[in-house]
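One structure below.
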Amino acid sequence: MTRSFYIKTFGCQMNDRDSEIMAQSLGEHDYAETLQVDDADLVILNTCSIRAKAEQKVMSLLGYLRKIKQKKPELKICVAGCVAQQEGKRLVEKMPHVDVVAGTQHIYHIPQLLAEAQRQNGPRVAVELSDSYAIPRFIPDTGPSSPASAPATLQETEFSRFVTIMQGCNNYCTYCVVPYTRGREVSRNLKDIEDEVDVLVKSGVREITLLGQNVNSYGSTNAVTDDGSPCSFPQLLERIAGIDNLQRLRFTTSNPKDLSEELMRCFRDLPSLCPQFHLPVQSGSNAVLKKMNRKYSIEKYKYLVDVLRNYCPEIVLTTDVIVGFPGETEEDFAQTMALLESVRFDGSFSFKYSDRPGTASLALPDKVPEEQKASRLSRFQRRQDEISLERNTMYIGEMHEVMVEKRDTEKYRCRARTNHVVHVRSEEYLEPGQIVDVTITHAGQHSLQAQYGSNPIIS
Ligand code: SAH
Ligand code: SF4
Ligand code: F3S
């Protein structure tokens, strides 16, 4: 009998891709997805632990599921991902209604773990992290024509897909849980990546985003080619960019500390590589960067931005910033604001520092009070929004290529090569996945508006 499953995904794109993999493997074991949590026979929470808030959301959802399970005892609950990895056994001690805890290297076997829990009549906790872990081959067997492998809850468009190229992180930034929740850095076999992209593109996918916590170090910690010859990230990009009919290639994320000129040159040389770069800076103060163990200076960061803009003047640059890291003074924060003025990022994701279990910064003195963190965050975000709007306004009147994602009431939600969301008016019907040139008519802080076809009204 077919059982139904519901997946709720928290956190980063890596988790989005992992949820697709779990959905695919459940589909192969006679499960079908439902979008209603109350109808599900199995609920999976694919969790994130990056900040305390993310973890609290998981815990409160688990509290809600406990109530559902009291009324429906046959309901199975699985916690996967980074909180699962971090908490392991503690999670079933606190939450005895959880059936399976699947750490980040165990998401490939959810149906088997559920069967084991059933057999042993108690929770199954699978959280061992191996240093010599090889990322399993998980090639999707479906594409846009039959998108069964991607949970519908995640799908912005079935014409754009994530492909994981590496797992884990060896950088140990002092605030970050990822090296603990995702384990050591492991790069995926080059042929597996190529095959996965190839299958996706042949089935109609037009845009691929390559994923890793620090893609710059792809190929540096384990052999990635079958004959053992080296392959760097720029070399991988070149191989993938050359796959027939792949129209748009993106990647995320890069740590500035080992961003090579060879990679920056790819933005000039690879036509399918989209002019968009997410380069997290975290702070504008060298003293704070040092305490964060980021291993670059602000001078180096600015130099990299100059080189990048030289190779690709139209590149859209975004970043991540943490405010209120332990010991951050008003003067340190002023340097972050000054960086914003000098680099003028197109957009940024900014967060209040959050103490995380097991990280080095937990023990640092001079924690910044909550009100000060909140004040710094809102000052930063206010100025970033102004800069984003100023930068976006420069696009008005220009022609941009967009890919249609979906129809929203009056307009089409599309995405530009720069990664801007563009809301497009069109008298003609546009198909999802269609790539068209539009004229930008209005700019907002976080999106653009455009017209497809004749006589755009520009204001
Ligand atoms: N691998 C990526 C970052 C992944 S985490 C990189 O190195 O850039 C995404 C973002 O979450 C980070 O860039 C950082 O800005 C933020 N973050 C991570 N840990 C945090 C913490 N303890 N408190 C607040 N923000 C944090
Ligand atoms: Fe975390 Fe730093 Fe690794 Fe990024 S590079 S995942 S911030 S430890
Ligand atoms: Fe969160 Fe884990 Fe991603 S902690 S940001 S889901 S790697």
Side-chain angles (χ1 to χ4, degrees), residues 8-19 45-58 79-87 102-105 107 129 162 164-186 210-218 220-221 251-259 277-284 288-289 291-296 301 318-326 328 336 345 348-364 367-368 370 373-374 376-377 380-381:
K8 169 90 182 149
T9 308
F10 301 86
C12 62
Q13 290 121 325
M14 199 78 91
N15 262 13
D16 289 342
R17 174 63 190 135
D18 287 350
S19 288
L45 305 185
N46 193 10
T47 62
C48 172
S49 170
I50 201 80
R51 285 168 290 276
K53 238 193 201 157
E55 190 178 337
Q56 282 151 14
K57 275 194 220 156
V58 174
V79 183
C82 289
V83 175
Q85 187 63 51
Q86 175 187 291
E87 294 299 310
T104 51
Q105 293 183 359
I107 55 133
L129 271 186
F162 296 128
T164 302
I165 64 161
M166 56 203 295
Q167 280 275 23
C169 183
N170 289 349
N171 288 324
Y172 292 98
C173 302
T174 54
Y175 50 81
C176 186
V177 289
V178 172
Y180 309 101
T181 62
R182 294 267 170 182
R184 294 294 56 71
E185 199 172 282
V186 181
L210 304 176
L211 298 179
Q213 292 298 346
N214 179 21
V215 291
N216 298 335
S217 53
Y218 175 79
S220 63
T221 49
F251 62 83
T252 199
T253 299
S254 298
N255 187 318
K257 88 175 162 52
D258 36 30
L259 169 55
F277 200 18
H278 186 60
L279 191 62
V281 66
Q282 312 299 358
S283 168
V288 174
L289 287 174
K291 285 187 222 160
M292 288 177 161
N293 191 31
R294 289 290 287 182
K295 302 201 177 95
Y296 53 83
Y301 187 90
T318 53
T319 199
D320 288 347
V321 162
I322 297 177
V323 300
F325 186 79
E328 184 189 74
T336 300
F345 297 101
S348 61
F349 300 92
S350 47
F351 314 97
K352 289 188 273 185
Y353 167 78
S354 169
D355 263 341
R356 304 307 295 131
T359 60
S361 62
L362 195 59
L364 288 179
K367 294 280 157 64
V368 176
E370 191 54 36
K373 283 197 272 190
R376 286 178 195 170
L377 187 70
F380 181 87
Q381 290 181 339

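Just so it is clear, the structure is predicted and the values come from calculations on it, not from any experiment. Order of appearance sets the numbers: ligands from 1, and atoms from 1 within every ligand.
Residue V178 touches ligand 2 through its side chain alone, judged by heavy-atom distances below 4.0 Å. Residue contacts with ligand 1, taken as heavy atom pairs separated by less than 4.0 Å, involve I50 via backbone and side-chain atoms alike. The backbone of Y172, and not its side chain, has at least one atom closer than 4.0 Å to an atom of ligand 2 (non-hydrogen atoms only; backbone = N, CA, C, O). Under 4.0 Å from ligand 3, the heavy atoms of Q213 that appear belong solely to its side chain. When non-hydrogen atoms are compared, ligand 1 lies under 4.0 Å from the backbone of K352 (N, CA, C, O) but not from its side chain. Residue contacts with ligand 1, taken as heavy atom pairs separated by less than 4.0 Å, involve R294 solely via side-chain atoms from C-beta onward. By the criterion of a heavy-atom distance under 4.0 Å, the side chain of C82, and not its backbone, is placed next to ligand 3.
With distances taken over non-hydrogen atoms, the option nearest atom 21 (C) of ligand 1 out of S354, G324, G212 is S354. The option from Q282, K257, R294 that lies nearest to atom 4 (Fe) of ligand 2, judged by heavy atoms, is R294. Which of S217, C176, P179 comes nearest to atom 1 (Fe) of ligand 2 through a heavy atom is settled by distance: it is C176.
The closest side-chain donor-acceptor pair between Y180 and S49, if any, does not fall under 3.5 angstrom. E328 and S283 share no donor-acceptor pair across their side chains, judged by distance under 3.5 Å alone.
When distances to atom 3 (Fe) of ligand 2 are checked against a cut-off of 2.8 Å, C169 contributes an N, O or S atom below that limit. Within the 2.8 Å limit, C12 places no N, O or S atom next to atom 1 (Fe) of ligand 3.
Protein heavy atom at the shortest distance from atom 15 (O) of ligand 1 is Q282 OE1, 2.7 Å. In terms of protein heavy-atom proximity, atom 11 (O) of ligand 1 is closest to R51 NH1, 3.1 Å. Scanning the protein for heavy atoms near atom 1 (Fe) of ligand 3, the closest one is C48 SG, 2.4 Å. The single protein non-hydrogen atom nearest to atom 3 (C) of ligand 1 is Q213 OE1, 4.1 Å, given as residue, atom name and distance. Considering only non-hydrogen protein atoms, atom 19 (N) of ligand 1 sits nearest to Y175 CD1, 3.3 Å. Protein heavy atom closest to atom 5 (S) of ligand 2, with residue, atom name and distance, is N171 ND2, 3.3 Å. For atom 10 (C) of ligand 1, the closest non-hydrogen atom on the protein side is D320 OD2, 3.4 Å. The nearest protein atom to atom 6 (S) of ligand 3, hydrogens excluded, is given as N15 ND2, 3.3 Å; this is a heavy-atom distance. Nearest non-hydrogen protein atom to atom 7 (S) of ligand 2 is Y175 OH, 3.4 Å. In this structure, the protein non-hydrogen atom closest to atom 2 (Fe) of ligand 2 is C173 SG, 2.3 Å.
Under the 4.5 Å side-chain criterion, counting only non-hydrogen atoms from C-beta, L259 is in contact with F277.
Closest non-hydrogen pair, N255 versus N214, comes out as N-OD1, 3.1 Å. The two residues P280 and R294 have their closest heavy-atom pair at O-NH2, 3.1 Å. Contact detail for V83 and T47: the closest heavy-atom pair is N-OG1, 2.9 Å. Considering all non-hydrogen atoms of both residues, I50 and V177 come closest at CA-CG2, 4.0 Å. Taking each heavy atom of N46 and S19 in turn, the nearest pair found is ND2-OG, 3.0 Å.
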Apply side chain to side chain contact (heavy atoms under 4.5 Å, CB included) to the pair Q282 and Y296, showing each step before the final yes or no.
CA-CA 11 Å; Q282 312 299 358; Y296 53 83; 4.3 Å; yes
I would like to know whether D355 and K367 meet side chain to side chain contact (heavy atoms under 4.5 Å, CB included); could you show each step before the answer?
CA-CA 9 Å; D355 263 341; K367 294 280 157 64; 3.3 Å; yes
Would L211 and T252 count as a side chain to side chain contact (heavy atoms under 4.5 Å, CB included) if you check the C-alpha gap in whole Å, the side-chain angles of each, and the deciding distance to 0.1 Å?
CA-CA 5 Å; L211 298 179; T252 199; 3.7 Å; yes
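Heavy atoms of R182 stay at 4.0 angstrom or farther from ligand 1. Note on ligand 3: S49 sits in its first shell, one or more heavy atoms being nearer than 4.0 Å. Contact annotation: R182 has at least one heavy atom less than 4.0 Å from an atom of ligand 3.
Among the atoms of T253, none of the N or O lies under 3.5 angstrom from an N or O of ligand 1. Ligand 1 has no nitrogen or oxygen under 3.5 angstrom from a nitrogen or oxygen of Y353.
Using a 4.0 Å cut-off between a side-chain N of Lys or Arg and a carboxylate O of Asp or Glu, E55 and R356 qualify as a salt bridge. Remark: K352 engages E370 in a salt bridge, criterion side-chain N to carboxylate O under 4.0 Å.
In the vicinity of P280, heavy-atom distances shorter than 4.0 Å reach the ligand 1 atoms 8 (O). Applying the 4.0 Å criterion to heavy atoms of R356 picks out, from ligand 1, the atoms 22 (N). Listed by number with element, the atoms of ligand 2 under 4.0 Å from a non-hydrogen atom of N255 are 5 (S). Atoms of ligand 1 found under 4.0 Å from any heavy atom of I322, numbered from 1 in the order shown, are 14 (C), 15 (O), 17 (N), 25 (N), 26 (C).
The OG atom of S220 sits 8.0 Å away from atom CG of N170, with the distance rounded to the nearest 0.5 Å. Here the CE atom belonging to M292 is positioned 10.5 Å from the CG atom belonging to L364, to the nearest 0.5 angstrom. From R182, atom CZ reaches atom CG of L129 across 10.0 Å, with rounding to the nearest 0.5 Å.
Ring geometry, F325 versus Y175: the interplanar angle exceeds 60°, so the pair is classed perpendicular (tilted spans 30 to 60°).
In the displayed structure, K53 atom NZ is contacted under 6.0 Å by at most 12 heavy atoms of other residues, nucleotides or ligands.
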